[in-house]
Amino acid sequence: MTPAGSLLAAHDLRKTYGSTPALDGASFSVHPGEVVAVMGPSGSGKSTLLHCLAGIITPDSGTITYDGRKLSAMSDAERSALRRSDFGFVFQFGQLVPELTCVENVALPLRLNGTRRKDAERTARTWMERLEVEDIASKRPGEVSGGQGQRVAVARALAGSPKVIFADEPTGALDSLNGERVMQLLTEAARSANVAVVLVTHEARVAAYSDRDVTVRDGRARDLEHAA
Amino acid sequence: MTLLDEKRTPAPAPSPARPSRAAPWLRDLALGIRFAAAGGREGWTRTLLTAVGVGLGVTLLFLAASVPHALDARTARENARSETQISENPDAQAKKSDTTVLRIAAETEYHDRTILGHLMRAEGTHPVLPPGIDALPAAGEMVVSPALKDLLNDPGNALLRERFPYKVTGTIADAGLRSPNELLYYAGSDTLTPAAGGHRVTGYGDPGPTPPLAPLLVVLVIMVCVVLLAPVAIFIATAVRFGGDRRDRRLAALRLVGTDIRSTRRIAAGEALFGSALGVLIGLVLFLVGRQFVSYIEVWDISAFPADLAPDLRLCLLIAVAVPLTAVLVTLSAMRSVVIEPLGVVRNSRSRKRRLWWRLLLPLAGLGVLAVNGQSGEYEVVNPYTITTGAVLVLVGLALLLPWLVEASVGRLRGGPVPWQLATRRLQLSSGTASRAVSGVTVAVAGAVAVQMLFAAMNADFNKATGQDTSRAQFYASSEQVSGNAAVETIKEFRATKGVTQVIGMIEAYASKPGKYSEDDIQPTTSFSIGDCATLREVARIDSCKDGDTFVVHPRDDKDMSGWMDKTARKGKEIEFESGTGRKLRWTLPADARTVVGRKDPVGEDRWGIMVTPGAIDATTLPGASTVSQIRIDDSVPDAAEYVRNTAARIDPGMRLVTMTSVERDRQYASVQTGLQVGATVTLLLIAASMLVSQLEQLRERKRLLSVLVAFGTRRTTLAWSVLWQTALPVVIGLAVAVAGGLALGAALCWMVGKQVTDWLMFLPLAGAGGALILLVTLLSLPPLWRMMRPDGLRSE
Amino acid sequence: MSIGHTLLGLLESGPRHGYDLKRTFDEKFGHDRPLHYGQVYSTMSRLLKNGLVEVDGVESGGGPERKRYAITDAGITDVATWLAQPEKPEPYLQSTLYTKVVLAMLTGRNAGDVLDAQRSEHLRLMRILTDRKRRGDLADQLICDHALFHLEADLRWLELTAARLGQLQKVVTA
């Protein structure tokens with residue numbers, strides 16, 4: 001059921017919103033340090049799959065295993081705690097808290113996890129350097145460009161030293177050049193820190209930064225690894 | 001709102017000819033009105049929000065506008081039922097006639113509520129009637145107010161029914177009542193005589209002018225109005241801005257299709273005009289509907305008849321014109337800090353830092369005006385206009401000072417826990433909305449603090465300290481029914497009453513030295529008490545006593561008083577008694593009267609004077625005598641006070657029973673304070689409503705961000721705390737400003753009227769109310785916050 | 001595009017005459033370029049030689065000789081292998097891919113699998129190019145990007161086709 005050595009695996013997920021099925025028997029797995037692209041047309045259930053895998057929503061049926069633990073059996077508080085400690089997130093837009101400075105945004109996951117402010121902001125700055133946005137540390141998100149903002153978001157996702165980063169159309173609001181740069185920095189940083197990335201995208205050139213790809217169609221994930 | 005939605009209401013084609021400069025104005029205003037009225041669901045939501053907010057404010061304005069009439073109507077009814085004065089002399093008695101009525105006030109209390117009432121006895125066949133009743137009740141019957149009827153019918157009030165051994169034969173109509181909830185009765189009697197305290201009434205309706213309010217009271221009333229109406233104005237101004245962010249975005253879409261900046265402003269003004277005009281209508285409807293229920297509403301014992309709430313027509317017109325005009329002006333000024341570009345909205349709030357100096361000018365100018373006005377004595381005519389101007393300047397100045405202070409103090413905050421950081425950063429970015437709402441709180445609280453301080457200082461005069469120590473006797477009963485053994489009977493009755501621990505009762509009168517006295521001389525007078533030997537032993541050190549004995553009782557350790565007493569109490573010489581109506585009686589103090597020393601009586605008071613046993617004098621003939629008792633009860637016995645009152649009513653329905661609370665409050669002042677409390681509560685609720693609306697608006701704008709934060713694993717409590725801080729910070733700063741400013745203003749006002757500040761801590765309840773406001777707003781925004789913290793917000797792409 | 005595999009695939013639904021094969025081929029795939037008879041016969045003889053088809057019967061009289069061909073088990077396997085094997089990503093791939101998709105439908109196979117296999121192959125190449133781009137200098141990057149954009153365009157076509165498989169199925173089996 002669960003592919004050997006996988007960090008996060010889902011089996012036969014089903015999820016219905018109202019009467020429309022979003023997931024209809026989807027399976028998925030990702031290994032430590034692996035970048036997996038989840039592709040598919042819009043409305044195919046990509047984002048729903050990502051939200052289920054990240055424990056943001058619970059599937060109607062099916063199992064999700066993370067690091068030997070059943071995510072599907074956890075309480076909301078336990079899943080929240082897991083998201084704080086082990087997961088990182090990058091979304092398409094609107095994810096930075098507009099009133100916090102960039103460095104405070106990056107430090108936010110650490111602080112939510114109980115790290116002291118000074119330490120959290122120091123760690124945040126090193127990640128911002130990695131993503132080449134250290135110069136905008138004390139600016140507010142409204143004052144930086146889209147590409148910079150997205151890199152700040154990537155830095156934030158990495159700052160909490162997660163095991164898995166969930167990236168939902170991380171380049172969706174960017175032009176090709178900025179998008180490529182964000183993807184390059186994200187995948188390089190993730191690989192060097194041995195962080196797995198679940199990358200939801202409908203763009204092939206973004207998916208090309210992955211190690212492997214999974215297609216979701218009509219709520220079913222065609223994971224070649226699973227088929228094998 | 002997207003551009004596509006806008007297309008449903010296409011802009012009218014520009015007219016080829018422009019006849020006048022007013023035309024574009026009218027066209028844009030009309031367009032704005034059309035947006036407000038037909039702008040799709042979202043446009044409607046915004047319009048409704050504004051209209052309801054303005055409507056609430058307008059309701060209060062109408063309410064305020066009808067207060068003068070309500071008070072007039074109340075006073076008029078009160079005058080109409082008070083007895084017609086036949087002479088300046090209060091002791092003058094009218095002549096008995098076919099229409100005269102004897103009556104005695106028979107006021108009582110029941111569970112902290114006062115029940116007014118009279119025993120009435122017609123002296124002829126055509127008795128005059130007080131308003132509200134058709135006929136005098138016969139003996140053993142009574143007519144009651146509807147509220148008293150309800151109270152009597154309540155099964156839990158058996159004790160009250162026992163006090164009124166009369167048959168209820170009718171109810172008193174509204175015309176005879178001060179307010180709908182008034183407890184009033186008229187009971188018939190066939191035994192009442194002038195000697196037993198009955199007062200002859202020749203007619204009702206006091207044509208004399210009501211005494212004008214004391215000048216200080218005028219100041220208080222004006223201050224109360226300012227304190228209550230300023231926040232309402234601020235609330236209306238805030239309500240006009242509801243949903244402003246989205247409106248701006250919509251206007252940006254209009255700019256994209258070619259509208260110029262001036263037009264967008266006019267369109268926005270049109271929207272505001274429509275919303276506020278609708279608000280005035282809603283306010284009118286709310287007022288008219290709410291008025292029907294006003295008699296059921298009773299706040300701090302105050303209530304009114306629906307018909308009393310008739311707003312002054314001129315004030316109504318003023319409201320109807322001023323409110324929409326204010327709405328337009330507020331909108332136009334709010335849009336000055338916003339540049340609406342075709343592709344979006346640019347806020348230039350950051351570029352303009354708030355300046356302090358001109359904000360300080362106003363409150364300082366206010367204090368200056370007060371200082372120039374100077375001190376005035378209590379009975380001097382106060383110039384209410386300077387005081388009001390000064391006070392209003394100070395209060396408005398405080399409201400202006402607040403945004404600067406919030407910005408300045410929040411700007412310095414760094415770090416702290418995550419919720420605190422989120423809240424402070426948010427306030428740093430845009431503190432204007434919060435400050436505006438809170439400035440309403442500031443004006444209300446500062447004004448209320450100042451007024452309360454002034455009130456407390458003046459209260460020191462008006463609260464007549466009665467001096468009675470309630471740890472001794474809680475009741476003082478006096479009856480003008482006097483007979484030889486009345487005192488003994490009264491004591492016996494009261495002693496047998498449940499919950500009574502101590503009673504002392506005697507027949508009391510005043511004795512003086514006969515003779516003629518010039519204006520400057522004081523006629524020597526001392527008290528004269530009749531009690532049996534047992535009673536006398538309790539109030540004086542008497543060893544032997546039999547009926548017929550007489551004593552001169554000197555106070556303990558008070559030579560002066562003893563000397564003064566002996567000027568009247570000359571043994572073997574005459575003393576004189578005189579009643580209020582001038583009836584005189586002379587009586588010789590027996591030469592064998594013994595001189596003894598007084599002692600503390602059982603209820604804890606020192607006694608002295610001439611004391612005699614019932615056999616020494618015929619009490620029934622004694623002018624100005626009354627049966628007086630003092631009663632101590634065991635507070636732990638439930639309803640002990642009610643049993644005492646019942647006993648008193650049984651002995652003599654006309655018995656005056658006074659509850660010895662430490663202070664007796666002047667009625668006028670009590671109503672000013674009541675008004676202040678009612679108003680401050682309503683105002684704070686109003687401000688809570690506007691803060692809640694902006695809070696919810698802000699949460700809805702950030703639905704997506706909230707979902708992202710949930711994805712991160714942010715705890716609900718973290719966000720709840722940040723919402724709390726975000727409300728609490730400006731409110732706390734606002735309250736601090738309000739308390740400081742209010743104390744300063746209050747101290748200044750006290751100084752002006754030459755009073756000492758008696759209580760510096762009067763702001764505590766209001767500060768507490770502010771705290772409750774923070775909690776209320778936070779609690780009410782939590783359910784929507786929970787709802788928005790679901791991951792649905794992530795699915796918007 | 002492989003005419004041999006296409007004709008083999010058409011035979012899977014039942015034995016047919018050469019003339020039949022040509023007509024069906026033209027209907028489904030020929031469009032503006034119909035097949036020559038000669039092409040059919042030469043292809044069939046190659047398939048016969050390789051043992052992928054056999055002659056089911058011969059009808060004679062009143063005209064040219066008409067052979068009926070039937071697919072062998074080896075032939076069926078050959079078609080399956082061909083369908084499963086993604087094409088090497090290159091320009092103007094769509095005619096081959098289209099043929100494969102239609103053939104998969106005609107033979108009751110899953111056409112989506114064909115597209116998915118091809119998508120994977122495209123992505124594999126894109127990954128290699130992306131990797132090369134990451135390591136290379138600007139010139140490498142620009143060259144790789146050119147190829148990447150072309151591959152991306154193909155992929156979009158694949159996506160679009162995948163989304164329209166249901167529609168296509170109706171047309172093909174009509």
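The basis for the numbers below is simple: all heavy atoms, side chains too, and nothing from hydrogens, waters or symmetry mates.
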*A:Val97/B:Leu709 under side-chain contact (heavy atoms from CB on, under 4.5 Å): CA gap, chis, key distance, verdict*: CA-CA 9 Å; A:Val97 183; B:Leu709 287 173; 4.2 Å; yes
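With sequence neighbours excluded, no residue forms a ring-ring contact (aromatic ring centres under 6.0 Å, His included) with B:Trp404.
Only the side chain of B:Thr718 comes within less than 4.5 Å of a heavy atom in chain A; its backbone stays farther off. If you measure heavy-atom distances from B:Leu422 to chain A, the contacts under 4.5 Å come from both the backbone and the side chain.
Remark: A:Thr101 OG1 to B:Gln421 CD distance equals 7.5 Å, nearest 0.5 Å.
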Show me the donor-acceptor pairs within less than 3.5 Å that the side chains of residues 153-166 of chain A make with the rest of the protein, sequence neighbours left out.
from     : atom 1 : to       : atom 2 : distance (Å)
A:Arg156 : NH1    : A:Gln95  : O      : 3.3
A:Arg156 : NH1    : A:Asn105 : OD1    : 3.3
A:Arg156 : NH2    : A:Gln95  : O      : 2.8

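The environment of CH2 in B:Trp725 is sparse: at most 12 heavy-atom neighbours from other residues, nucleotides or ligands sit within 6.0 Å.
Between B:Ala711 and A:Phe91, the shortest heavy-atom distance links the atoms CB-CZ, 3.7 Å.
Top candidate by heavy-atom pairs under 4.5 Å with chain B, chosen from A:Ala54, A:Pro98, A:Gly142, is A:Pro98.
Contacts of residues 108-119 of chain A with chain B at a heavy-atom distance below 4.5 Å involve A:Leu108, A:Pro109, A:Arg111, A:Leu112, A:Arg117, listed in sequence order.
Pairs engaging residues 79-102 of chain A under the salt bridge (charged side-chain N to carboxylate O under 4.0 Å, His left out) rule: A:Asp76-A:Arg79, A:Glu99-B:Arg426, A:Glu99-B:Arg702 [sequence neighbours left out].
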